[in-house]
Amino acid sequence: MKIPLLDLKTQYAQIKDEIKQAINEVLESQRFILGPKVLELEKEIAAYSQCKYALGVSSGTDALLLALMALDTGHGDLVITTPFTFFATAGCIARLGAKPVFVDIDPVTFNIDPQKLESLLESMTNEELSRVKAVIPVHLFGHMADMQSIVPVCRRFGLKIIEDAAQAIGSECPFNGAVRRAGSVGDIGCFSFFPSKNLGGFGDGGMVVTNDADLCEKMKILRVHGSNPKYYHRIIGGNFRLDEIQAAVLLVKLKYLDRWTESRQKNAGMYNQMLADVSAESFRTPAALPGYRHIYNQYSIRTAKRDELKAYLKENGVATEIYYPLPMHLQECFSYLRYKQGDFPVAEEAALTALALPIYPEMSREGLEYVVYCINEFFNPNS
Ligand SMILES: *Cc1c(COP(=O)(O)O)cnc(C)c1O
């Protein structure tokens, strides 16, 4: 049996007519940039994310860049984040001339460890603290970081929070006795509509969300080269616009997002149950902590035999992926930061042991059972 990591063709087949009609409306209107579809999508994503404001942008990467620019991040500044993330999180910090400062992760959720964040901040001099522009927690694989612990720590030190919610649209965490959605807890939330994300466009796209009217206004201006009014520039921005065809596609897909999320959660439940008795040393299925809504952008298991298991599954037609094989602090381009092997042992271990299994919504029960069968065969060949 062949099991891909993601099956976008099957998903498209189910919504083809609606999508074609939506794209056709854009073609007929001949409005391609920041038109009515982008406005409508911004409204819907703001509501979906429990935020007042949303701005469509050109990618998840540009969402992060724009958020950092809105906080005036630049040379000499420090921005704190996790070393176990997609490159864009750290890359955007460095591109603005600021210095990424890493904090190790929690071994269960793969997200930034609030205790270690607090220890780092407490160990900083006042001079260093004055240069910290923001903290960027990443809600990795669709499970939110522990915002209940992170937010008070950041507020105590007067720090802004940018949520990297590129993998986490619609995920939730417990917060002050309530439940809050990804993007609504910090000062700015960043989403990606890269095709493989849970809400994926037909190309690049992203969104920033915020409850802060001033930040929204600033990002709106930065999105069009800092132009306000047109052709007059008090600040330097860029072209960070979302195009109308992407918005049209995303508006159709957004209607299905909760259904797709439920399917992913159902698949995760089946995996959890069926993989519960794999008896292999250090084998672990991913956890969803109580009170959290995990949207399973990825279902990442842990095993010391990760590379062998990946190769075995590949031989048997099952696609998997390693997110992520090398933590940020060990990337060659960040060698100037002078981190070394051993600085963030939990992230380093995750990089050696994590493996994402197929969990896409359209996956059949038989397909999932086959993946489990192969995993069992790998660990217990003759049983
Ligand atoms: C995908 C992703 C991004 C970047 O989004 P793009 O739309 O691909 O630019 C940023 N951070 C994380 C954690 C991501 O997974």
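In each ligand, atom 1 is the first atom listed, and ligand 1 is the first ligand listed. Throughout, numbering of the chain's residues begins at 1 and tracks the sequence.
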Between H294 and Y292 (judged by ring centroids, cut-off 6.0 Å), do the two rings come close enough to count as a pair? no
Are any of the side-chain nitrogens in K340 or D343 under 4.0 Å away from the carboxylate oxygens of its partner? yes
Answer yes when D187 and K218 have at least one side-chain N-carboxylate O distance shorter than 4.0 Å, and no when they do not. no
Exactly one of V249, N198, I45, V57 should register a side-chain contact (heavy atoms from CB on, under 4.5 Å) with F193. Which one does? I45
Could you identify the single nearest non-hydrogen protein atom to [atom] and state the distance to 0.1 Å?
atom	result
atom 9 (O) of ligand 1	T61 OG1, 2.5 Å
atom 1 (C) of ligand 1	K197 NZ, 1.5 Å
atom 11 (N) of ligand 1	D164 OD2, 2.8 Å

Using a strict 4.0 Å cut-off to heavy atoms of [X], name the atoms of ligand 1 that fall inside it.
X	result
T85	13 (C)
V138	13 (C)
Q167	13 (C), 14 (C), 15 (O)

Short side-chain donor-acceptor distance under 3.5 Å, E348 and H329: yes
So, does R241 use its side chain to make a donor-acceptor pair with the main chain of V224 at under 3.5 Å? no
Looking only at N/O atoms, are S192 and ligand 1 under 3.5 Å apart anywhere? yes
Is any N or O atom of A88, backbone or side chain, closer than 3.5 Å to an N or O atom of ligand 1? no
What part of L140, side chain from CB on, backbone N/CA/C/O, both or neither, has a heavy atom under 4.0 Å from ligand 1? neither
Heavy-atom contacts under 4.0 Å between D204 and ligand 1: side chain, backbone, both, or neither? neither
Are more than 12 heavy atoms from other residues, nucleotides or ligands located less than 6.0 Å from atom NZ of K43? no
